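For reference, positions follow the sequence shown, starting with 1. Worth saying up front: this structure is predicted, and the values here are computed from it rather than measured.
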Amino acid sequence: MFVARPPARPPGSRDLQLVRATRRGFTGPAEFLADPANRARVGEYLADLARPYAREVPAAQFSESPSPALGQSYGEMAEALIGPVVSAEEPVDLLVLAFSIHDLWPGRQTAAYLSHITPGAPMAFAICDQGSAAGFSGLRIARAYASSAAVRRALLIVVEQAALPYDSPVTLPSQHHGVAMLHRVEW
């Protein structure tokens, strides 16, 4: 089992140098929602979660064809961003996934999945519930972790969806969007 804790002594500060970055907008709902069984499971799951908070998840959105209002899968979005910035010759040691609004694919350990498909099979984790500061928190945590561990390259992926299948007091972005930034750690 891996246990993360602060270093025994204050680490020397290491800088992250941006090597490569890409951004992309995404349209429509997540691809995994093309399967009616997946749509039904997600609809039931979200309805169960929303019920205690007097939020309604319209069942019609999960019917015959996927509605554009259903949202995105951060795993699908991030997977499309990894290829343009990470090559097999530059394996990654640390992957940080940052987002504000929950992923639409419940039960998926997205950071672990992304570690599996990223060259280097990096240590990976997700940062959430930071609002619009999620990307900044991810960058700060990546830098701090790189200062206390043997990290040569760090990949920060920030993704956000612009739709939720229920009313929410949270202000949503105008479009589904993602950014991936590969950093080299300066020793």
Side-chain angles (χ1 to χ4, degrees), residues 1-5 23-82 94-118 122-142 144-145 155-181:
M1 172 180 5
F2 180 82
V3 177
R5 54 177 67 94
R23 66 184 171 91
R24 180 175 165 193
F26 297 84
T27 59
E31 290 179 23
F32 87 99
L33 292 173
D35 180 345
N38 287 342
R39 278 196 314 279
R41 278 193 296 274
V42 169
E44 180 180 2
Y45 177 81
L46 292 175
D48 286 348
L49 286 179
R51 193 172 299 111
Y53 301 98
R55 301 264 184 233
E56 182 181 335
V57 177
Q61 290 186 26
F62 296 93
S63 60
E64 293 305 315
S65 62
S67 164
L70 289 181
Q72 281 291 325
S73 158
Y74 293 149
E76 290 176 9
M77 293 170 74
E79 188 171 359
L81 296 166
I82 291 171
L94 175 66
L95 185 150
V96 179
L97 174 68
F99 55 90
S100 175
I101 300 166
H102 69 81
D103 193 342
L104 199 64
W105 193 328
R108 181 184 207 181
Q109 295 80 23
T110 304
Y113 166 73
L114 295 174
S115 174
H116 174 73
I117 64 168
T118 302
M123 159 108 161
F125 59 92
I127 306 287
C128 61
D129 295 331
Q130 297 289 301
S132 59
F136 299 104
S137 297
L139 189 58
R140 182 176 178 191
I141 290 170
Y145 190 86
L155 178 63
L156 173 62
I157 301 173
V158 182
V159 289
E160 203 61 70
Q161 60 180 325
L164 287 174
Y166 54 85
D167 290 332
S168 173
V170 175
T171 302
L172 299 174
S174 60
Q175 67 175 348
H176 308 304
H177 206 82
V179 176
M181 295 173 280

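Put simply, the side chain of Leu104 reaches to within 4.5 Å of the side chain of Leu33, judged on heavy atoms. Pro29 has its side chain out of reach of Arg39: every pair of non-hydrogen atoms, C-beta onward, lies at least 4.5 Å apart.
Proximity of a side-chain donor or acceptor of Gln72 to a complementary backbone N or O of Gly28 within less than 3.5 Å is detected. For His176 (side chain) and Thr27 (main-chain N/O), no donor-acceptor pair under 3.5 Å exists by modelled atom type. Although no hydrogens or angles enter the test, the distance criterion places a donor-acceptor pair under 3.5 Å between the side chain of Ser115 and the main chain of Pro122. Within the 3.5 Å criterion, the main-chain N or O of Val179 finds no donor-acceptor partner in the side chain of Arg24. Under a 3.5 Å cut-off, the side chain of Gln161 and the backbone N or O of His102 do form a donor-acceptor pair. For the pair Gln61 (side chain) and Leu70 (backbone), a donor-acceptor distance under 3.5 Å is absent.
The distance from atom CD of Glu31 to atom CG of Asn38, rounded to the nearest 0.5 Å, is 12.0 Å. With rounding to the nearest 0.5 Å, the separation of CE in Met77 from CG in Leu97 is 10.0 Å. Atom-to-atom distance recorded for Arg55:CZ and Asp167:CG is 7.0 Å, nearest 0.5 angstrom. In this structure, the separation between CD1 on Ile82 and CG on Leu155 is 6.0 Å, given to the nearest 0.5 Å. The structure places CZ of Arg41 at 12.5 Å from CZ of Phe62, a figure rounded to the nearest 0.5 Å.
Under the salt bridge (charged side-chain N to carboxylate O under 4.0 Å, His left out) criterion, Asp48 pairs with Arg51, sequence neighbours left out. Scanning for ring pair (Phe, Tyr, Trp, His ring centres under 6.0 Å) contacts around Phe32 gives Trp105, with sequence neighbours left out.
Closest of all the heavy-atom pairs between Ile127 and Gly138 is CG1-CA, 4.2 Å. The two residues Ala111 and Ala124 come nearest to each other via the heavy atoms O-CB, 3.3 Å. Closest of all the heavy-atom pairs between Pro106 and Val42 is CD-CG2, 3.8 Å. What you find for Ala162 and Leu172 is that their closest heavy atoms are O-CD1, 3.6 Å. Minimum heavy-atom separation, Pro58 to Pro165: CD-O, 3.2 Å. Closest non-hydrogen pair, Leu114 versus Gly75, comes out as CD2-O, 4.0 Å.
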Might you work through the side chain to side chain contact (heavy atoms under 4.5 Å, CB included) test for Phe125 and Val96, ending with a clear yes or no? CA-CA 5 Å; Phe125 59 92; Val96 179; 3.9 Å; yes
Might you work through the side chain to side chain contact (heavy atoms under 4.5 Å, CB included) test for Glu160 and Ile101, ending with a clear yes or no? CA-CA 7 Å; Glu160 203 61 70; Ile101 300 166; 3.2 Å; yes
Check the pair Phe26, Glu76 against side chain to side chain contact (heavy atoms under 4.5 Å, CB included), reporting the backbone distance first and the verdict last. CA-CA 10 Å; Phe26 297 84; Glu76 290 176 9; over 6 Å; no
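Ring-plane geometry between Phe99 and Tyr74 is classed as tilted, the angle between the planes lying from 30 to 60 degrees on a 0 to 90 degree scale.
Residue-environment remark: CG (Asp35) exceeds the threshold of 12 foreign heavy atoms within 6.0 Å. Within 6.0 Å of CD in Gln130 there are more than 12 heavy atoms belonging to other residues, nucleotides or ligands. Within a 6.0 Å sphere centred on CZ of Arg140, heavy atoms belonging to other residues, nucleotides or ligands number 12 at most.
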